[in-house]
Amino acid sequence: MKKITLALALAGVMAAGTAFADPIVGKWRTGNGGTVNVAKCGGSFCVKVVGGQYGGKAIGQFAKNGEKYNGTIIDPEQDKKYRGAAWFQGDNTLKMRGSVLGGLIGRTDTWKRM
């Protein structure tokens with residue numbers, strides 16, 4: 001009986017931990033077919049490329065600001081840093097925007113949760 005109670009308690013703690021994770025955390029498929037991982041890092045969220053030519057490369061850092069996330073995004077090919085913004089469109093779709101000139105010129109990519 002103690003083993004069953006302990007197993008249920010551990011399962012509850014693990015479920016609670018994932019229930020409180022921010023929705024941006026996890027693996028995402030980018031618009032060009034690449035894979036990135038978003039993880040909590042300090043008081044913000046860090047974006048790293050998973051696998052491929054740029055595997056392990058940090059390409060962004062965002063802080064939550066209400067329903068959006070603001071920070072920087074880096075083009076891994078050219079190592080150029082852009083002002084970044086991200087927001088959800090449904091539960092499993094993340095819009096990621098990199099821009100310059102105060103947000104006047106930019107590009108928005110659609111990422112899908114994996």
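When all heavy atoms of Trp111 and Val36 are compared, the closest pair comes out as CZ3-CG2, 3.5 Å. Residue Ile59 comes nearest to Pro76 through the heavy atom pair CG2-CB, 3.9 Å, listed as atom of the first residue, atom of the second, then distance. Nearest approach of Thr93 to Thr110, heavy atoms of both residues: CG2-CG2, 3.5 Å.
Among residues two or more places apart in sequence or in another chain, the side chain to side chain donor-acceptor pair (under 3.5 Å) test is passed with Asp75 by none. Partners of Glu67 under the side-chain contact (heavy atoms from CB on, under 4.5 Å) rule, at least two apart in sequence or in another chain, do not exist in this structure. Under the rule for a side chain to side chain donor-acceptor pair (under 3.5 Å), Arg107 has no partner lying at least two apart in sequence or in another chain. For the side chain to side chain donor-acceptor pair (under 3.5 Å) test, no residue two or more places apart in sequence or in another chain qualifies with Lys81. Among residues two or more places apart in sequence or in another chain, the salt bridge (charged side-chain N to carboxylate O under 4.0 Å, His left out) test is passed with Lys112 by none. Every residue was checked against the ring pair (Phe, Tyr, Trp, His ring centres under 6.0 Å) condition with Phe62, not counting sequence neighbours, and none meets it. Partners of Asn65 according to the side-chain contact (heavy atoms from CB on, under 4.5 Å) rule, which considers only residues two or more places apart in sequence or in another chain, are Asn70.
Under the disulfide (SG to SG under 2.5 Å) criterion, no residue pair touches residues 54-83, with sequence neighbours excluded. Counting only residues at least two apart or on different chains, no disulfide (SG to SG under 2.5 Å) pair has a member in residues 53-98. Within the structure, every pair that satisfies the disulfide (SG to SG under 2.5 Å) test and touches residues 43-82, not counting sequence neighbours, is listed here: Cys41-Cys46. Judged as a side chain to side chain donor-acceptor pair (under 3.5 Å), the pairs with a partner in residues 30-45 (not counting sequence neighbours) are, in order, Arg29-Thr35, Thr30-Asn32, Ser44-Gln61. Judged as a side chain to side chain donor-acceptor pair (under 3.5 Å), the pairs with a partner in residues 45-59 (not counting sequence neighbours) are, in order, Lys57-Asp79.
Between the side chain of Arg113 and the backbone N or O of Ile24, no donor-acceptor pair lies under 3.5 Å.
At a threshold of 4.5 Å between side-chain heavy atoms, the hydrophobic network of Ile, Leu, Val, Met, Phe, Trp and Tyr places Leu94 and Met114 in two separate groups.
Side-chain contact between Asp22 and Lys64 is present, with heavy atoms from C-beta onward closer than 4.5 Å. Contact annotation: the side chain of Met96 approaches that of Ile73 to within less than 4.5 Å [non-hydrogen atoms, C-beta and beyond].
Ring-plane geometry between Tyr69 and Phe88 is classed as perpendicular, the angle between the planes exceeding 60 degrees on a 0 to 90 degree scale with a lower cut at 30.
The cationic atom of Lys95 (NZ for Lys, CZ for Arg) does not lie both less than 6.0 Å from the six-membered ring centre of Trp87 and within 45° of the ring axis.
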